[in-house]
Amino acid sequence: MDSPTPGALHDAVLGWYDDHARELPWRGLEATPWSVMVSEFMLQQTPVVRVLPVHALWLERWPTPADLAAEPTGEAVRMWGRLGYPRRALRLRAAATAIVERHGGEVPTSYDDLLALPGVGDYTASAIASFAFGQRHVVLDTNVRRVLVRAVSGQEFPAPAVTRAERDVATALLPDDEATAATWAVATMELGALVCSARQPSCDACPIAEVCAWRGAGFPAYDGPPRRGQAWAGTDRQCRGRIMALAREQSSVTTAQAEAAWPRADQRERCLAGLVDDGLLTQITPGRWALPG
DNA sequence: TATTCGTGGCT
DNA sequence: TAGCCAAGAAT
């Protein structure tokens, strides 16, 4: 099978996106850079359907970075709800503060300035620069990585961490034109999210199925290094989650409530101390904790 | 580079 | 049903 020309690949994916893109609040002409930025923080490791209602609440309450920066960190954590990884709420508020202090309250437009913000790594900086400002960047998230490794390399799943080869492939495929590159980035992500999914890809609905190397090779199973699952039962994360759920629901958490939520003493105390150390909780009196005010 | 860090739906 | 997985970042 001949390799497709980049132009043909672009046309197929961009055409598919034009017909099948979801209408999301952080897309479209009315979306501000701040709305895009909030969405990118929330979408880190969290599905779109769960982000939608929380994103709406945040943008209604804090329509600008300055609005969020003016609030106590505990309010950000409470409004984060059950999205998970609540340190993202702290980082988003810290990023808002940095935007006020360093960028006059406007979300910075350059990749380097974005990358310097708390909670912003390579993916998020590229995504904001591309989606909010229409710039040309390689945007390598889990969806794009899966699409490219399947279509180009013929493997079911990408390696645990981004490889040089992956980035080279993504760079080579990035359209030259700035606006087209930005649409390409969101289109390849959308293709991975809606069609080229991890478990049950809908190859019959895929615009590049005919040139997909993985499909062409007969869908060989992943044979790379084992991908570590995330342990949950009995972990500190579960313990921390229980305590944070109490803190969000109530004005404070007592020792007795924490004991009821997590009987194992040494782990409970370690997690409480860790949450305080992370800035997610404050010990307001001996034996009583609350979200930071 | 390998771990850690929430939450919940899906198969 | 018990994993697997979801627009990652920080350390």
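A quick note: this is a predicted structure, and the numbers were derived from the prediction, not measured. Order of the sequence lines sets the chain letters (A, B, ...), proteins ahead of strands, with each chain counted from 1. Values below: all heavy atoms of this structure, side chains included; hydrogens, waters and symmetry mates excluded.
Regarding A:M42, its CE atom lies at a distance of 14 Å from the C1' atom of B:dG6, rounded to whole Å. Taking atom CG of A:L114 as the reference point, atom C1' of C:dA9 lies 15 Å away to the nearest angstrom. One interatomic measurement links the two molecules: OH of A:Y222 to P of C:dC5, which rounds to 10 Å at whole-angstrom precision. Per the geometry, CZ belonging to A:F41 stands 13 Å off P belonging to C:dG8, to the nearest Å. Rounded to an integer number of Å, the gap from CD of A:Q45 to P of C:dA10 is 13 Å. One atom, CZ of A:R91, and another, C1' of C:dA9, lie 5 Å apart when rounded to the nearest Å. As rounded to whole Å, 9 Å separates atom P of C:dA9 from atom CG of A:L115. For the pair A:L140 CG and C:dG8 C1', the interatomic distance rounds to 12 Å; values are reported in whole Å.
Using a distance-only test at 3.5 Å, with no hydrogens or angles considered, no donor-acceptor pair links the side chain of A:R268 to the main chain of A:R240. Without hydrogens or angle criteria, A:E75 side chain to A:P72 main chain gives no donor-acceptor distance under 3.5 Å. The closest donor-acceptor contact from the side chain of A:D67 to the backbone of A:T64 lies under 3.5 Å. At distances below 3.5 Å, at least one donor-acceptor pair connects side-chain atoms of A:R88 with backbone N or O atoms of A:F41. No donor-acceptor pair closer than 3.5 Å links the side chain of A:R288 to the backbone N or O of A:V253. Judged by distance alone, with hydrogens and angles left aside, the side-chain atoms of A:T188 form a donor-acceptor pair with the main-chain N or O of A:W184 at under 3.5 Å.
Nucleotides C:dA7 and B:dT3 have their P atoms positioned 23 Å apart, rounded to a whole Å. B:dG8 and C:dA9: their P atoms are spaced 23 Å apart (whole Å).
Relative to the side chain of A:E40, the nucleotides C:dA7, B:dT7, C:dA6 differ in distance, and C:dA7 lies closest. Of the candidate nucleotides C:dA6, C:dA7, B:dC5, B:dC5 has the atom lying nearest to any side-chain atom of A:R240. The side chain of A:P47 has C:dA6 as its nearest neighbour among C:dA7, B:dT7, C:dA6. With B:dC5, C:dA7, B:dT7 as the candidates, the nucleotide lying closest to the side chain of A:Y123 is C:dA7.
Base contact: A:G84 has a heavy atom under 4.0 Å from a base atom. Nucleic acid contact for A:P160: none, since no nucleic acid atom lies under 4.0 Å from a heavy atom of the residue. As judged by a 4.0 angstrom heavy-atom cut-off over every strand, A:A127 is placed among residues making no nucleic acid contact. Nucleic acid contact class of A:T142 (heavy atoms, under 4.0 Å, all strands): sugar-phosphate only. Residue contacts for A:S197: at a heavy-atom cut-off of 4.0 Å it reaches no nucleic acid atom on any strand shown. When heavy atoms are screened at a 4.0 angstrom cut-off, A:Q238 is found touching no nucleic acid atom at all. Residue-level contact check: A:V120 touches the backbone only, with heavy atoms under 4.0 Å from sugar-phosphate atoms and none from bases. Across all strands shown, A:W26 has heavy atoms under 4.0 Å from base atoms, whether or not it also approaches the sugar-phosphate. Using a 4.0 Å heavy-atom distance criterion, A:R50 is classed as a base contact.
Atom CZ of A:R78 is separated from atom CE of A:M244 by 9.0 Å, given to the nearest 0.5 angstrom.
Judged by the 6.0 Å distance and 45° axis criteria, A:R227 is positioned over the aromatic ring of A:Y222.
Linking Ile, Leu, Val, Met, Phe, Trp and Tyr whenever their side-chain heavy atoms come within less than 4.5 Å puts A:Y17 and A:L191 in one cluster.
In this structure the side chain of A:S35 reaches within 4.5 angstrom of the side chain of A:H55, judged on heavy atoms.
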Please tabulate, one pair per line, each protein N/O and nucleotide N/O from nucleotides 1-4 of chain B that are separated by under 3.5 Å, including the distance.
none

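The six-membered or imidazole ring of A:W62 lies away from that of A:W34, with a centre-to-centre distance of 6.0 Å or more.
A heavy atom lying under 4.0 Å from DNA chain C marks none of the residues of residues 265-280 of chain A.
Regarding contacts with the backbone of B:dT7, every side-chain N or O of A:T46 stays at 4.0 angstrom or more from both OP1 and OP2. Contact between the side-chain N/O atoms of A:R88 and the OP1/OP2 oxygens of C:dG8 is not found at any separation under 4.0 Å. OP1 or OP2 of C:dA6 lies within a sub-4.0 Å distance of a side-chain N or O belonging to A:R146.
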